[in-house]
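Read the numbers this way: they start at 1 and go in the same order the structure lists the ligands and their atoms. The structure presented is a predicted model; accordingly, all values stated were derived computationally and were not measured. Quick note: numbers below take in every heavy atom, side chains included, and nothing from hydrogens, waters or symmetry partners.
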Amino acid sequence: MTAKTYMVRTFGCQMNEHDSERIAGLLEADGLRPAASVDDADVVVLNTCCIRENADNKLYGNLGQLKTLKQRRPDMQIVVGGCLAQKDRDLIVAKAPHVDVVFGTHNVHRAAELVGEQRVAGRSIVEILEETAADDHESFPSALPARREVSYAAWVTIQIGCDNSCAFCIVPAVRGREISRGFDDIVDEVQALVADGVTEVTLLGQNVNSYGRDLTLARRRAGESVRVRPLFADLLRAVGEVEGIRRVRYTSPHPKDLRPETIVAMATVPAVCEHLHLPLQAGSDRVLAAMHRGYTAERYLERLAAARAAIPDLAVTTDIIVGFPGETDDDFERTLQVAAEAAYDSAYTFIYSPRPGTEAAGRVDEFVPAEVCTERFERLRVVVERSALARHRARIGATEEVMIEGPSRKDASLTTGRTRHNKLVHFRSPEPLRAGSYAEVTVTGAAPHHLTGELLRVTAPARHRTRIPVAVAT
Ligand code: SAH
Ligand code: SF4
Ligand code: F3S
């Protein structure tokens, strides 16, 4: 019998992508094999996001296309998981009855079982849990089997959920309360990854700087006299010191919780990359307060200056929202000023999107008109690109270490690598370089979103095993 095949489509953030790796791992553990295309997949999983409205629309657009496919192949199973599934629940099957399975963010570990159960039941199954059991190790995506997208760099979940209440954000509603994963479990996983040939890890959490707060509080409640200390800094150090790790990244720190100890760890642990992603969201204190961000622009800039003073040659990136309800021209001017002063290497910029159920979505009277948002968005893009280009030009002539990713997506005659600053560099190589290898490149050109360079030498070949394609059983 031919093995059934699957395809997972991911719509969201890195956590969502990491969940997809787990879903793929679970399906493979169940005997399924990756499909070459959606046209011949027996199981199609849509791992959804609902951070902005267009993320919602994408799901329903995709389901429309899959409907036609399912009419031709009624045996095909359509599965919807992730944050939008957590939010919309039964609504998905009501809107799209051809969906076979819906699961949420707290039961990713059930993905393969639910697919099996649906086949037997023959009717749609919707399983959404309200929350993750704190002691349930299966709930940490990193504790499940995985089919990693690349074999030389890996995501490692250190925390799930979020205890903040940013007025615009749906994440706490769909990902639940903040739960930290055990310190030793994380370090053990990194060691196992290194043994597998991984040399770069990215630690994932919605608010990584509060990592461990819940663990220490739980121990205190149990009567132990432990000091609440910034465990994230300790974690960075422990992971960075794992033998064989060359690069440690993390995302996202919250500016209000960015502690000096974290900066010290970044400055002193050689493997931790000189890159800080510090989401600003807005430059006006009035808007920051309405967003419940817990810092002022001045405080933000002070913390950034301290980080730059401690970590030479630090790259800084951010997230910014324009058009938050009630944002005036003056508020927006302040965002432009702070963005210019912060001199970002790059920024993810978004137009505010009301998310039903969040506090800001109720401020309908103060919504900023769409055309004003578009204009602000464009002006912010210009400011960010100006600093990005200036910072990239300043690197011309420098030698950078890059990790090879493979042929450039735009021009296959070029090779693409990523610097410690997380910047893409495109360059020519006389021979193909294996992804995951490290090389030195001299920067020769700059653009707002990438660098170009010349290869000097390969410094370390990739260590991971190449995945042997699994033959499809007949
Ligand atoms: N936990 C991360 C953010 C995760 S969401 C943090 O606090 O940094 C990623 C980004 O999406 C946010 O930083 C924010 O800029 C943007 N975002 C979240 N909700 C949004 C909304 N309703 N409209 C527009 N952008 C939003
Ligand atoms: Fe959302 Fe704020 Fe939590 Fe980030 S910190 S996930 S923006 S609520
Ligand atoms: Fe990520 Fe989107 Fe969920 S940004 S946490 S997949 S809502």
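Within the 4.0 Å heavy-atom cutoff, I321 counts among the residues contacting ligand 1. Within the structure, the closest approach of N207 to ligand 1 does not fall below 4.0 Å when heavy atoms are considered. Residue Q206 places a heavy atom under 4.0 Å from ligand 3.
Ion pair K95/D88 not flagged as a salt bridge, since none of the NZ, NE, NH1 or NH2 atoms sits closer than 4.0 Å to an Asp/Glu carboxylate oxygen. Between D331 and R376 there is no salt bridge, since no side-chain N of the basic residue sits under 4.0 Å from a carboxylate O of the acidic one. Taking the charged nitrogens against the carboxylate oxygens, E400 and K423 have no contact shorter than 4.0 Å, which rules out a salt bridge.
Annotation: side chain of R52 is not in contact with side chain of Y352 (no heavy-atom distance under 4.5 Å). The shortest distance between side-chain heavy atoms of V201 and R247 does not fall below 4.5 Å.
Remark: minimum distance from atom 25 (N) of ligand 1 to any protein heavy atom is reached at R52 NH1, 3.4 Å. The nearest heavy-atom contact from the protein to atom 14 (C) of ligand 1 is Q281 OE1, 3.4 Å. When only non-hydrogen protein atoms are considered, atom 21 (C) of ligand 1 lies nearest to S353 O, 3.6 Å. Atom 5 (S) of ligand 1 has I51 CD1, 3.6 Å as its closest protein atom, hydrogens excluded (heavy atom only).
Residue-level proximity to ligand 1 for R293 is carried by the side chain, the only part with a heavy atom below 4.0 angstrom. Heavy atoms from both the backbone and the side chain of F168 come within less than 4.0 Å of ligand 1. Only side-chain heavy atoms of S252 come within less than 4.0 Å of ligand 1; its backbone N, CA, C and O stay farther off. Contacts of Q206 with ligand 1, taken as heavy-atom pairs under 4.0 Å, involve both backbone and side chain. Contact annotation: for I351 versus ligand 1, heavy atoms closer than 4.0 Å belong to the backbone alone.
When only modelled atom types and interatomic distance are considered, Y295 and D285 share no side-chain donor-acceptor pair under 3.5 Å. There is no side-chain donor-acceptor pair under 3.5 Å between H449 and S346. Y211 and E178 are not linked by any side-chain donor-acceptor pair at a separation below 3.5 angstrom, with hydrogens and angles left out of the test. There is no side-chain donor-acceptor pair under 3.5 Å between Q159 and N207. Neither side chain, S165 nor H292, offers a donor N or O lying under 3.5 Å from an acceptor on the other. T10 and N16 form no side-chain donor-acceptor contact under 3.5 Å, judged by distance and modelled atom types alone.
Ring geometry for Y250 versus F232: interplanar angle over 60°, hence perpendicular rather than tilted (30 to 60°). Using bins of under 30°, 30° to 60° and over 60° for the plane-to-plane angle, the ring pair Y348/F350 lands in the parallel bin.
For ligand 1 and R355, the ligand atoms under 4.0 Å from any heavy atom of the residue are 22 (N). Within the listing of ligand 1, atoms 8 (O) sit less than 4.0 angstrom from a heavy atom of P279. Within the listing of ligand 1, atoms 10 (C), 11 (O), 15 (O), 16 (C), 24 (C), 25 (N) sit less than 4.0 angstrom from a heavy atom of F350. When each atom of ligand 1 is checked for a heavy atom of D319 under 4.0 Å away, the hits are 9 (C), 10 (C), 12 (C), 13 (O), 15 (O).
Contacts of ligand 2 (protein heavy-atom distance under 4.0 Å) are C162, N164, C166, F168, C169, V171, P172, Q206, H254, R293.
Shown here are the protein N/O/S atoms lying under 2.8 Å from atom 2 (Fe) of ligand 3, water excluded: C49 SG.
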